[in-house]
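Quick notes on the structure that follows.
In what follows, chains carry the letters A, B, and so on, assigned in the order in which the sequence lines appear, proteins first and then strands, with residues in each chain numbered from 1. These values consider heavy atoms only, across backbone and side chains, with no hydrogens, waters or symmetry-generated copies. Computed from a predicted structure; not experimentally measured.
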2 protein chains.
Amino acid sequence: MKLSGGVEWALHCCVVLSRASAPVPSARLAELHGVSKTYLAKHLQALARAGLVRAAEGRDGGYALTREPAAITVLDVVEAIDGDQPAFRCTEIRQQGELALPPEECRVPCGIARVMAEAERSWRRSLAGTTIADLGASLDPARLDRVLGRG
Amino acid sequence: MKLSGGVEWALHCCVVLSRASAPVPSARLAELHGVSKTYLAKHLQALARAGLVRAAEGRDGGYALTREPAAITVLDVVEAIDGDQPAFRCTEIRQQGELALPPEECRVPCGIARVMAEAERSWRRSLAGTTIADLGASLDPARLDRVLGRG
DNA sequence: GCGTGCATACTCGGATATAAGCTGTCCGAGTAGAGGGGG
DNA sequence: CCCCCTCTACTCGGACAGCTTATATCCGAGTATGCACGC
């Protein structure tokens, strides 16, 4: 199991945006973090599709958060980048092969699927317990504006 | 994020092995579940490398569990198939680019990495709370032996 | 009748092709702002 | 002095290759069993 590397980039970008006083272009965000500009742009598009950020076009445009940082959880960002499909997908093996169960015994979900789903719920609940505001608390807005202003 | 499809196969196989009275060949396990024989064999090798099952060679050989089913957790199987590396790997973005932090401020792990690691711990803890014995409770050993005996 | 040796068929194990998804890149469409000209 | 038009430069957005990883497969090495033979 591997999480897309873009998740880390997107989280750092959201933290920066939460403390920025004006929209920040995607190329600028890439420079701030030392990552690929074009590839980061792709992930920012995903954040925009999920409704977490809004793109301002034209000169002096860029990305900005659509909500208060305290209203955006880490889970929101992870799902925007990595998709909201569960990591484990039950293929109903219990109904296949020689050991197949009759359909009347398959009204309730497979026990294996239940365990995996419950674990993912724990994972999501944990991620939803931290917001962008929490992560951005240690970032000095003055320092950010100074770095952004020079650009 | 996507979990290897082999995890589901491996879990079902472990449940069968926990209720079987003799070693079961990999080809037989594949027929029981209606999946690819050769590919399942690959995953069973992974279980053997992890020490969860033991392969008996030669005629009437096959796979058997090495421990009591109650001593094998779902997490053990997941890590055997999918690897024990964390899904999120911090690349220390905070130390790269124009917004890089000085090394003396990076003694403690990055806040983002901490959140992701804690979520994975919750996920693993949940998976470790169920054993193969729990999953196999609903499988009738008599029926299994009947299906295996016909082979 | 019993022990031994052998042939056999069955098992696993690793090395090998194929497909999918993530990673990374490029160029075109659209827009907000700045500057110049006219009223 | 104010308003309007144009022009430019900058932004995003989707379409296009490269590469690592997961998926699926094949064939060879090794071994426990069953049988035949000799004692």
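Look at CG on B:Leu40: it is 13 Å from P on C:dG13, rounded to the nearest Å. What separates CD1 of B:Ile81 from P of D:dA24 is a distance of 14 Å, to the nearest Å. Remark: P of D:dA32 and OH of B:Tyr63 are 15 Å apart, rounded to the nearest angstrom. For the pair A:Lys37 NZ and C:dT25 C1', the computed distance is 13 Å after rounding to whole Å. Separating the CG atom of B:Asp60 from the P atom of D:dT31 is a distance of 17 Å, rounded to the nearest angstrom. One interatomic measurement links the two molecules: CD of A:Glu57 to P of C:dG33, which rounds to 12 Å at whole-angstrom precision.
Considering only heavy atoms from C-beta on, A:Leu3 comes within 4.5 Å of B:Met116 through its side chain. Side-chain contact between B:Phe88 and A:Glu8: present, with at least one pair of heavy atoms (C-beta onward) separated by less than 4.5 Å. Side-chain contact between A:Glu79 and A:Val7: absent, with no pair of heavy atoms (C-beta onward) separated by less than 4.5 Å. Residues B:Leu17 and B:Val24 are in side-chain contact: their nearest non-hydrogen atoms beyond the backbone lie under 4.5 Å apart. Residues A:Val16 and A:His33 form a side-chain contact, since some pair of their non-hydrogen atoms from C-beta on lies under 4.5 Å apart.
Dashed line: the shortest gap from a side-chain N or O of A:Gln45 to OP1 or OP2 of D:dG14 is under 4.0 Å.
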### Sequence-aligned protein contact record of nucleotides 19-24 of chain C, with B where the base is within under 4.0 Å of a protein heavy atom and S where only the sugar-phosphate is
----BB
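Annotation: of the two residues near DNA chain D, A:Arg59 and A:Ala48, the 5′-most nearest-nucleotide partner is A:Arg59.
We find that B:Glu92 and B:Arg94 are joined by a salt bridge, their nearest charged nitrogen and carboxylate oxygen being less than 4.0 Å apart.
Counting any heavy atom pair closer than 4.0 Å across all strands shown, B:Arg54 reaches no nucleic acid atom.
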